[in-house]
Structures are given as C-alpha cells and as structure tokens.
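Worksheet: the structure to be examined is printed underneath.
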Amino acid sequence: MTAPTRFSIPASVPNPERDGAPGNRLTRWLLENKVHQPVGPETAEDHAPAQSWWKVMCLTGVDYFSTLSYLPGIAALAAGALSPLATLLIVALTLLGMLPMYRRVAQESPHGQGSVAMLEKLLPFWRGKFFVLILLGFVATSWIITITLSAADATVHMLENPYLPPFLEGQAVAITVVLLLILGGVFLLGFSEAVAVAIPLVGIFLLLNAVIIGAGIYDAVTRPGALTDWTAALTSSGTGFGDIAGPALLAFPLLVLGLSGFETGVSMMPLVAANGASAEERLAARVRNTRKLLTAAALIMSVYLLGSSFVTTVLIPAEAFQEGGQANGRALAYLAHELLGNGFGSVYDVSSILILWFAGASAMAGLINIVPRYLPSYGMAPDWSRAVRPVVLVYTAISVLITIGFKADVNAQAGAYATGILAMMVSGAVAVSISAARSKRRRAAVGFSILTLILLYALGANVIEKPDGLAISGFFILGIIAVSLVSRVSRTTELRVHRIEFDDAARRFITDTIDFDGRINLIANRPQARDAEEYREKEAVQRENNPVPGTADVIFLEIDVTDPSGFSDVLEVHGIEVDGHRVLRAESPAAPNAIAAILLALRDATGVRPHAYFEWAEGNPLAHLMRYLLLGRGDTAPVVREIIRENEPEPDRRPGIHVG
C-alpha cells in the first residue's frame with residue numbers, strides 16, 4: 001500500500017452532512033436567499049444588498065412616520081387641550097431617552113440582534129435560551145400585530161373616504177386580507193423592492209403632512225378666536241401642576257407606542273451599507289450610519305409630532321375626536337379635507353392608506369432579520385427558516401389568520417400591539433442600563449434606569465387598561481416555545497457543525513496512524529484525570545472488550561461538552577500527546593453529534609473508513625435520552641450510530657461503531 005503524503009489531511013473539512021435533493025425550480029427560488037448567523041466582525045448578508053442609511057430609514061419610517069395618521073387624534077382624545085404638552089413629553093422622551101438608548105444598542109449589538117442579544121449574555125445555558133424565547137414571543141407579538149393592525153387601520157381610512165365605491169362598504173376583512181397578501185408579495189420579490197416602494201411612500205406622506213401642518217398653523221394664527229379658544233380651554237382645565245401633568249401622564253402610555261420604529265431600525269443594521277478597508281472598519285461605519293438613521297428619524301418625527309398635535313388640538317372641535325366622530329383616529333385627514341378640500345383630502349387619504357398598509361413592511365423586515373439569527377442557531381427551528389421567502393409566507397399566513405380571527409378590528413388588536421411594543425422597549429432599557437452599570441458609566445446608568453422605570457409605567461398602564469394584550473402575547477410565547485422544543489428534538493440526529501477544523505498535531509496523528517496500518521482506530525473516552533494511567537487502562541479495557549486488532553494503532557477521541565443548550569458551531573479538533581498516548585480533543589454542545597461529524601469528516605478527507613470503539617453506559621435508556629437532550633451526553637454509542645445512519649444511507653460507507 002502506498003503511504004499517503006504527509007499532512008495530506010486538509011486543515012478544514014466542510015460539513016459532511018448530506019444536502020437534500022436540489023429540488024425543483026420553485027424550491028430553489030424559495031431557498032435562494034438566507035439570513036446567516038453573524039460570525040466575528042463581518043456580517044456578510046446574501047439575502048439582500050446593502051442600502052444607504054437613509055433608504056433603510058425610509059423602510060423603518062413606514063412604521064414610525066405612519067403613526068402621524070393616528071397619534072394626534074389619540075393625544076387629543078386622551079389629554080384634550082393639553083395634547084401638545086403630552087406630545088412634548090413624548091418628544092422629550094424620544095430625544096433624551098429612546099434615541100440615546102437605541103444608539104447604545106446599535107453600538108453593542110451591531111449585527112442587528114438588538115437588545116435581545118445583550119440580555120442573552122446575562123443568563124447562561126438553557127436559562128438564557130428560554131429567556132430569549134420569551135423575548136422573541138414579545139417581538140413576534142409586536143411585529144406581527146403591527147402588520148395586521150396597520151393593514152386594518154389602512155382599511156379603516158379607506159372605508160371612511162367619501163369617494164369609496166359602494167360595493168366595498170362592509171368588506172373590512174376581505175380588504176385587509178388583500179392588503180396583507182400584496183405586502184407579502186412585495187417581500188417575496190426581495191428586500192430591494194421593499195425599499196423601492198418605501199422611499200416614495202415616506203417622501204410623499206411627509207410632504208403632504210408638511211402641507212397640512214403648514215396650512216393648519218396659518219389657519220390657527222389667522223382664524224379669529226382659534227388661539228384664544230384653545231388658551232381658554234387650557235385655563236378651564238386648571239393652572240396647577242397636577243391639573244396640567246395629570247392628563248399628560250394619562251395620555252403618555254398611549255403615545256409611547258409611536259416609538260416602535262427604533263427597534264426595527266436596529267434590527268436592520270446588517271442591511272445598512274458601510275465602507276471600510278477591513279471587516280472591523282466596515283462594522284464601525286455601519287454603527288455610525290445606523291446612528292445617523294436613528295437620529296434623523298427621531299428629529300423628523302419630533303418636529304412633525306409637535307406641529308400635528310398643535311394644529312389638530314387648536315382647529316378640531318373636541319367632540320370630533322370622540323368615537324364615531326369624523327376626526328377619531330384620523331385627525332390630520334380630517335384637517336386635510338376641511339382646510340384644503342376633498343380633492344387634496346382624498347390624495348392624503350390614499351397616501352395614509354398606502355403608508356399604513358406598508359407600515360407592516362418595517363415589521364416584516366425586522367422579523368426576517370432578527371428571528372432567523374436565534375431559533376435556527378439554537379436548533380429550535382428548521383434550517384429552511386433562515387431562508388427569506390419561506391418565512392415571509394409563514395408570517396403572511398399567520399397575519400391573515402389573525403386578521404380573520406379579530407375581524408380586522410383595530411381596537412381588538414391594540415392591546416397586544418401595545419404590550420409587545422412596550423415589552424421590547426423595556427428589554428432595551430434594561431439591557432443598556434446593565435451595560436452602562438457594568439462599564440461604570442454612572443450618569444448613563446442612572447439615566448437609563450429612570451428610562452426603564454418610565455417605560456415600565458407605560459407597560460403597566462397598558463396592561464391594566466387592556467389585559468387581553470398580555471394574554472395574546474402569552475399565546476405567542478407559548479407557541480414559540482412549543483415549536484422550538486419540537487424542532488430541537490426533531491433535529492437531534494443532525495451533525496450540528498458548520499465545518500471541522502484539524503490543527504497540525506491532529507493531522508499528523510491521523511497521517512501517522514494511516515501510515516502504520518492503513519486504518520483509523522479511535523477509542524472514545526470521557527476524560528477524567530487526563531493522565532497516562534487513565535489512557536493505559538482505557539486502551540486495555542477496549543482491547544479486551546472490543547474487536548480492536550491486537551497490533552492496531554489507536555488514537556483517543558474526547559469531546560468536552562461546553563454549553564449543551566447550544567446547537568451548532570465550528571468544530572475545532574486539537575491533537576494532544578500525553579506520555580505517548582495520542583488524543584484528539586474537541587469542544588461541542590453535544591458529544592455524539594461531534595463524534596459522528598469527526599468520523600464522517602475523516603472518512604471524506606482520507607478515503608479510509610474509520611472505526612470507533614465505545615463502552616456500554618450503565619443506567620436507564622430513557623434517562624440517558626433525557627441527559628443527551630438536556631446535557632449533550634448520554635449513552636453515546638447508539639446515538640452516534642443513529643446520527644451516522646441518518647447522514648450516510650450506504651451501510652458500506654458508514655464508519656464502524658463497536659461497543660463492548
């Protein structure tokens with residue numbers, strides 16, 4: 001037999017897991033673009049081309065800026081004449097609290113995983129995974145309900161337009177479902193197409209709002225009695241601090257919901273274009289550009305919020321804001337018709353309908369970018385869930401079912417929307433507070449802690465007012481946990497590695513053993529003392545109990561289980577020599593999967609069918625199964641054989657598994 005060339009084993013072997021059949025053209029198209037788990041400073045995304053920060057701001061802005069359609073009406077209904085003061089509180093919170101908070105999140109979680117990634121680090125092992133699942137439940141609640149709520153709100157604006165064709169009256173559910181299907185279709189085409197739709201929608205909507213606010217300010221100044229009537233209403237409500245602060249604080253939790261665009265802005269960080277000579281420079285540039293995105297959006301929204309709140313409060317009669325009133329939920333649209341005529345008002349209605357419909361695009365983009373970075377890497381979702389188009393279909397189907405279940409009723413979904421959004425904001429505030437405290441930035445820690453208390457107040461107030469929102473969020477959380485656990489169990493026989501890397505010593509050991517007798521014999525060992533005596537005894541037992549040829553050269557194989565709640569990673573195999581005994585060592589979340597991956601990788605790299613030798617484990621098989629699922633260890637030999645059998649259909653090509 002001709003001896004192989006020294007160091008012929010490659011340093012890196014790709015995942016030996018067999019890929020499924022390529023499938024038909026439709027399957028290839030569905031799985032074409034995938035969201036990848038970030039590794040190191042590089043965040044290479046092949047599911048969407050990078051875009052300038054201001055373009056990504058437009059995509060997040062369809063959610064953020066669209067709230068102008070209803071926030072002024074909510075503020076006026078909740079705070080009355082004090083609506084501008086309540087809005088001023090929101091602007092202060094935006095610029096002094098939320099903006100610094102999310103700028104910090106962008107700095108510390110630059111791969112788009114948001115505050116969830118920051119909090120994940122606080123809890124190790126399974127506790128951290130379940131904590132993330134709970135947070136993802138709130139994320140899913142807020143963003144999926146954003147999709148359905150925005151489409152339902154767009155339908156409301158459509159049905160209230162005086163030029164609506166009669167045959168559409170009473171068809172709220174059907175119209176909303178059609179809007180959701182069109183939204184899903186845009187994302188099936190691609191991220192670039194979604195950005196291309198968002199840019200003109202945001203530009204036109206902001207321009208029309210500027211015209212309405214400008215006309216409103218002019219009318220408020222020139223109309224006799226407009227300002228005096230408003231100041232009289234302010235005076236009649238009381239002049240004490242409590243009289244002013246009370247209504248403003250009551251309106252505050254409702255207005256906080258308009259800040260939902262910050263979280264989606266951070267989640268789309270990997271899609272923000274950045275220049276730099278190295279991966280580190282590009283990452284730093286991406287953080288800077290994302291901060292520009294967040295700052296620009298916050299400043300634009302603050303100006304529009306103050307202006308819209310002022311003109312709607314001064315010019316619209318209080319009774320028009322009540323339920324059933326013409327300005328209820330559409331204050332600026334009411335002014336557009338009143339001040340600029342039904343023609344301009346209808347143009348504004350169309351713009352509002354379109355941006356409210358497409359507000360779900362911001363949430364859809366957030367879901368596409370953040371959820372696949374967690375669940376598939378935990379083994380808690382099938383690997384196809386990294387692909388953009390299948391998850392778009394799943395989210396669209398869920399949105400349609402929710403719309404039908406709630407009969408496209410905006411108010412019925414408002415509680416779940418508020419709970420999800422505020423829970424995400426609270427998690428972000430907690431994350432940056434802990435980060436600031438750990439880095440000993442006392443002033444920042446105090447400021448972010450105060451912000452956390454403010455958001456907790458808003459969350460508590462919303463839960464008390466609409467407890468059904470917490471119940472709906474609970475269903476989302478339970479659903480995610482149930483699906484995740486089923487997926488984790490169903491994926492136990494996967495190899496769970498990205499690739500296998502062998503260091504020089506490991507490659508030399510394999511080359512030497514093949515040179516010796518043309519075979520690869522590996523003795524699986526669960527390390528204890530790691531001394532010469534342990535290896536001598538282990539080898540003697542295996543030669544006695546297993547069919548190890550008497551003169552065969554053997555190498556020990558050891559897997560150190562690190563975090564058993566993890567799922568997949570790069571498997572690094574190191575060669576260690578202990579008093580003449582050669583050992584291959586690796587770290588992995590699960591020992592059987594790592595052993596199977598190494599055996600198949602050695603077979604593929606050398607062309608030699610390796611043999612591995614094990615001892616039977618003592619104890620109940622069911623107990624071993626649970627230990628394997630939870631702790632990454634159990635009765636290793638049968639699990640290794642089953643993993644190999646699943647990944648190699650030809651028995652003659654499977655590495656040999658011997659148990660004695």
Side-chain angles (χ1 to χ4, degrees), residues 1-11 13 16 500 502-560 571 573-586 588 591-617 635-645 647-648 650-660:
M1 181 182 70
T2 305
T5 305
R6 306 291 294 177
F7 292 96
S8 60
I9 299 172
V13 179
I500 300 95
F502 297 93
D503 69 5
D504 287 349
R507 295 160 65 199
R508 185 176 68 252
F509 291 170
I510 299 300
T511 301
D512 287 344
T513 198
I514 295 175
D515 285 346
F516 181 79
D517 56 9
R519 295 168 56 91
I520 301 177
N521 293 297
L522 301 172
I523 295 177
N525 180 51
R526 183 173 181 179
Q528 303 294 328
R530 301 185 192 265
D531 58 12
E533 183 64 23
E534 176 183 339
Y535 296 117
R536 277 196 298 270
E537 290 181 1
K538 185 73 173 182
E539 182 176 350
V541 169
Q542 285 297 312
R543 288 189 184 276
E544 179 180 353
N545 294 337
N546 269 316
V548 183
T551 60
D553 186 49
V554 296
I555 301 174
F556 293 92
L557 177 58
E558 298 177 347
I559 306 298
D560 291 320
L571 191 62
V573 182
H574 303 281
I576 310 293
E577 190 163 354
V578 180
D579 197 19
H581 299 280
R582 293 163 299 167
V583 184
L584 299 181
R585 271 184 205 153
S588 173
N593 307 73
I595 292 172
I598 290 171
L599 293 175
L600 290 170
L602 289 175
R603 181 205 63 184
D604 294 343
T606 65
V608 176
R609 180 170 171 252
H611 291 260
Y613 302 90
F614 299 83
E615 291 182 22
W616 285 115
D635 195 357
T636 303
V639 182
V640 171
R641 183 194 179 277
E642 180 60 21
I643 294 171
I644 290 175
R645 190 186 68 80
N647 288 279
E648 178 48 72
E650 299 179 28
D652 292 342
R653 299 194 71 244
R654 294 173 189 161
I657 303 298
H658 308 278
V659 192

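Quick note: numbers below take in every heavy atom, side chains included, and nothing from hydrogens, waters or symmetry partners.
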Which is it for R654 and R603 under the side-chain contact (heavy atoms from CB on, under 4.5 Å) test, yes or no, and what are the steps along the way? CA-CA 9 Å; R654 294 173 189 161; R603 181 205 63 184; 5.9 Å; no
Derivation and outcome, side-chain contact (heavy atoms from CB on, under 4.5 Å), residues I555 and V583: CA-CA 6 Å; I555 301 174; V583 184; 6.0 Å; no
Any chance you could lay out the side-chain contact (heavy atoms from CB on, under 4.5 Å) test for I657 and L599, step after step, and finish with the verdict? CA-CA 10 Å; I657 303 298; L599 293 175; 3.8 Å; yes
Run the side-chain contact (heavy atoms from CB on, under 4.5 Å) check on I510 and L584 step by step: do they pass? CA-CA 9 Å; I510 299 300; L584 299 181; 3.9 Å; yes
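Ion pairing between a basic and an acidic side chain is recognised when a charged N comes within 4.0 Å of a carboxylate O; K538 and E534 show no such pairing. A salt bridge links E558 with R585: the distance from a Lys NZ or Arg NE/NH1/NH2 to an Asp or Glu carboxylate oxygen falls below 4.0 Å. Here R536 does not pair with D531 in a salt bridge; the nearest charged N to carboxylate O distance is not below 4.0 Å. Note on R582 versus D553: salt bridge recorded, some NZ/NE/NH1/NH2 to OD/OE distance being below 4.0 Å.
L557 CG to R526 CZ: the interatomic distance, rounded to the nearest 0.5 Å, is 14.5 Å. Distance check: F502 CZ to T511 OG1 gives 10.5 Å after rounding to the nearest 0.5 Å. Between atom CG of residue D652 and atom CZ of residue R609 there is a gap of 7.0 Å, rounded to the nearest 0.5 Å.
Nearest heavy atom pair, residue V659 against residue E615, reads CG1-C, 3.9 Å. Here the closest heavy-atom approach between residue A552 and residue D517 is recorded as CA-OD2, 3.7 Å. The minimum heavy-atom distance between H574 and A506, with the atom names listed, is C-CB, 4.2 Å. Nearest heavy atom pair, residue L571 against residue A597, reads CD2-CB, 4.4 Å. In terms of heavy-atom proximity, A586 sits nearest to I598 at CB-CD1, 4.4 Å. The two atoms that bring I523 and E539 nearest to each other are CD1-CA, 4.1 Å, heavy atoms only.
Around CZ of R641, the count of heavy atoms belonging to other residues, nucleotides or ligands within 6.0 Å does not exceed 12.
Side-chain atoms of E648 never come within 3.5 Å of backbone atoms of I644 as a donor-acceptor pair (strictly under, hydrogens ignored). Checked by atom type and distance alone, the side chain of T513 never pairs as donor or acceptor with a backbone atom of F509 at under 3.5 Å. Counting only distance, with no hydrogens or angles, the side chain of D560 and the backbone of S588 share no donor-acceptor pair below 3.5 Å.
In this structure, V608 and L602 have side chains that are not in contact, with every pair of non-hydrogen atoms separated by 4.5 Å or more. Contact of the W616 side chain with the P638 side chain is registered, since non-hydrogen atoms from C-beta on lie closer than 4.5 Å. Between V573 and D503, every side-chain heavy-atom pair lies at or beyond the 4.5 Å cut-off.
Classification of the F556-Y535 ring pair by plane angle, with boundaries at 30° and 60°, yields tilted.
Tested against V554 for a side-chain contact (heavy atoms from CB on, under 4.5 Å), the candidates H611, R543, H581 yield a single pass: R543.
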